[in-house]
Amino acid sequence: RAAAPGVCAAPPPCAEEETTLIRAWAPLVGRVQKACDPNAYWTSDCTFSCTDELTDRSYNGAHFNGTQLGWLAGSGGVLAKTVDGGHTWAQQTSGTNATLLGVSFAGASKGWLVGTESRVGRTLDGGATWTWRLDLTDNKAGAAFYGVHFHDASLGWLVGSSGRTYRTTDGGATWQVRTWETGWTHYSVHFANDKVGIIAGSAGRILWSTTGGHTWVQQKSNVTGDLRGAHCVNGTHGFVVGYYGALLRTTDAGVTWSPPSDGSASKSMFFLGVTFADGLFGWAVGQEALPPAGGPGLLLSTQDGGATWTADRRTGLLQQRLNAVVAVKHVVPPCPQTTTQAPVGVTGVTTTRTTTTRNMLANKVKDAEYEVLALASMLNGSMEVVTMTTTAGVMSAAQVFRSAATDGQIEIGPLASGVSVKIPIDVLEEFGVEDAVIVVTEFKVGGADWDTDPAAQAGMEGR
């Protein structure tokens, strides 16, 4: 079943061969743009109703866990959550009216928000409720935290005004100051792992850490404009972006920083965010005017690790600036190969067949006396049982298709011995199977094919 226009289909549990998916999202005022793959046109969706009072809210931060689950944070304390890859959004109550400038999640439950007034919020229930603290302020007008990044549920970092950098190892219950230098502002922080990270700051400031944020070393950027976004790809490669066309890359752990070799970044470009899905695919966003003045939006992409960049015009809403961008890489594994054999002691079964299971239900649907040996996945909205045998015997066609949903289970059977297959409905739902069509093929009993066996035809009727 093809995805609707503008909808990035959820990735399958497995595929015929290993497949890599790249997805990207870039929020703007009241909307979010997304690309289902690096070569796709960007499409736009309203985060709430397109006529909602919240459509004037500007989103400043974005975070996605995988291809489906994500959050946006912005002005007036607005917080939005999606569970379908950004096609639809639900408003969450952040508990503040302050402008939110950054968001980070570690898994589906634990998350953090930062914003003006040096606010730091934490949730333990996926954003449904938040607790806030204001005690990390520098007590100056305009104090704010601009960036937050968590490596996992315990280790994270905050950056903000007065050159402040904080580090936590207990999920934000406590924070330790690592830098505090009046006269600087730190706008963005990103770590490639638990050791190596980058901070981008005012007046061309770049800090590099190889100690998990315990200590930081200032790098020479050779630019003087504010640097607003940072992304650390690995232990040696990283990017910072900012005002006046600053689009800088390092390939030597921050020792040197250089602009694109193709001259794709011009002085008229003001970058506000950068992200990479892996070592090759990346995006940089901003606007073609000095913020906060309005101007056409800016979206550049690279597919060669940042050596060259291309202005991406495949979007219809570049009249607005893009404040942030986030991308993820998802690898769909190859489906396991399953060989089905006739059960020991069962006569009349002549089929031995190798099939590819298109999901992992075969690993979940088991019974003490029953085991599904080969299940293929939902394709186009259906689940196909390619072959099915049991340790208690072979199910006849009529028995297979005598199905009923009872007590939260879909029951297939029973066998003559009284053994039934019971597939919990929540297992099906876990894999997105809503209307399961179960079909048995390529099984022979006594030399007769099931698709020509009257019992099989009777069993299939109405199923």
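Computed from heavy atoms alone, side chains included, the values below leave out hydrogens, waters and symmetry copies.
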Would you call the rings of His149 and His190 parallel, tilted or perpendicular, where under 30° means parallel and over 60° means perpendicular?
tilted
Heavy atoms of Gln219 and Val217 approach each other most closely as NE2-O, 3.3 Å
With a 4.5 Å cut-off on side-chain heavy atoms, are Met269 and Leu247 touching?
no
Nearest 0.5 Å, what's the CG-OG1 distance between Leu155 and Thr169?
7.5 Å
Would you say the side-chain atoms of Ser202 pair up with the backbone N or O of Thr185, donor to acceptor, closer than 3.5 Å?
yes
If the threshold is 4.0 Å, N to carboxylate O, is there a salt bridge linking Arg228 and Asp226?
no
Just by distance, do the side chain of Thr116 and the backbone of Ala98 share a donor-acceptor pair under 3.5 Å?
no
Please check this pair: side chain of His231 against backbone of Phe239, looking for a donor-acceptor N/O pair closer than 3.5 Å.
no
In this structure, are over 12 heavy atoms from other groups packed under 6.0 Å from Lys110 atom NZ?
no
Quick check: does any side chain N or O of Thr179 sit under 3.5 Å from a backbone N or O of Thr165, one acting as donor and the other as acceptor?
yes
Test of understanding: with side-chain contact (heavy atoms from CB on, under 4.5 Å), list the residues that count as partners of Ala24, not counting sequence neighbours.
Trp42, Trp283, Ala327
Is a donor on one side and an acceptor on the other found under 3.5 Å between the side chain of Trp89 and the backbone of Arg31?
no
Do Gln92 and Thr123 make a side-chain contact, defined as non-hydrogen atoms from C-beta onward lying under 4.5 Å apart?
no
Could you check whether the rings of Tyr146 and Tyr187 sit parallel, tilted or perpendicular, using 30° and 60° as the cut-offs?
perpendicular
So Asn39 and Gln303, do their side chains get closer than 4.5 Å, heavy atoms only?
yes
Would you mind reporting whether Val255 and Trp208 have side-chain heavy atoms less than 4.5 Å apart?
no
pair Tyr166-Trp180: side-chain heavy atoms closer than 4.5 Å:
yes
Can the ring centroids of Phe281 and Phe276 be said to lie less than 6.0 angstrom from one another?
no
When you compare the side chain of Lys34 with that of Cys8, does any pair of heavy atoms fall below 4.5 Å?
yes
I want to check something: taking the side chain as every heavy atom from C-beta on, are Thr67 and Val328 in contact at a cut-off of under 4.5 Å?
yes
Here the pair of heavy atoms bringing Val103 nearest to Ala62 is CG1-N, 3.6 Å
Between the side chain of Arg119 and the main-chain N/O of Thr99, is any donor-acceptor distance below 3.5 Å?
no
Answer with yes or no whether the side chains of Thr96 and Ser94 bring together a donor and an acceptor at under 3.5 Å.
no
Backbone N or O of Gly171 within a donor-acceptor pair of the Trp112 side chain at under 3.5 Å?
yes
Check against side chain to side chain contact (heavy atoms under 4.5 Å, CB included), Asp278 and Ile22:
CA-CA 9 Å; Asp278 58 10; Ile22 304 290; 4.2 Å; yes
Judged by modelled atom types alone, do Asn323 and Ser58 share a side-chain donor-acceptor pair under 3.5 Å?
yes
Please lay out, stage by stage, how Phe271 and Leu298 fare under the test side chain to side chain contact (heavy atoms under 4.5 Å, CB included).
CA-CA 8 Å; Phe271 295 105; Leu298 185 64; 3.5 Å; yes
Could you check whether Arg164 makes a cation-pi contact with Phe145, meaning its NZ or CZ is under 6.0 Å from the centre of the six-membered ring and within 45° of the ring axis?
yes
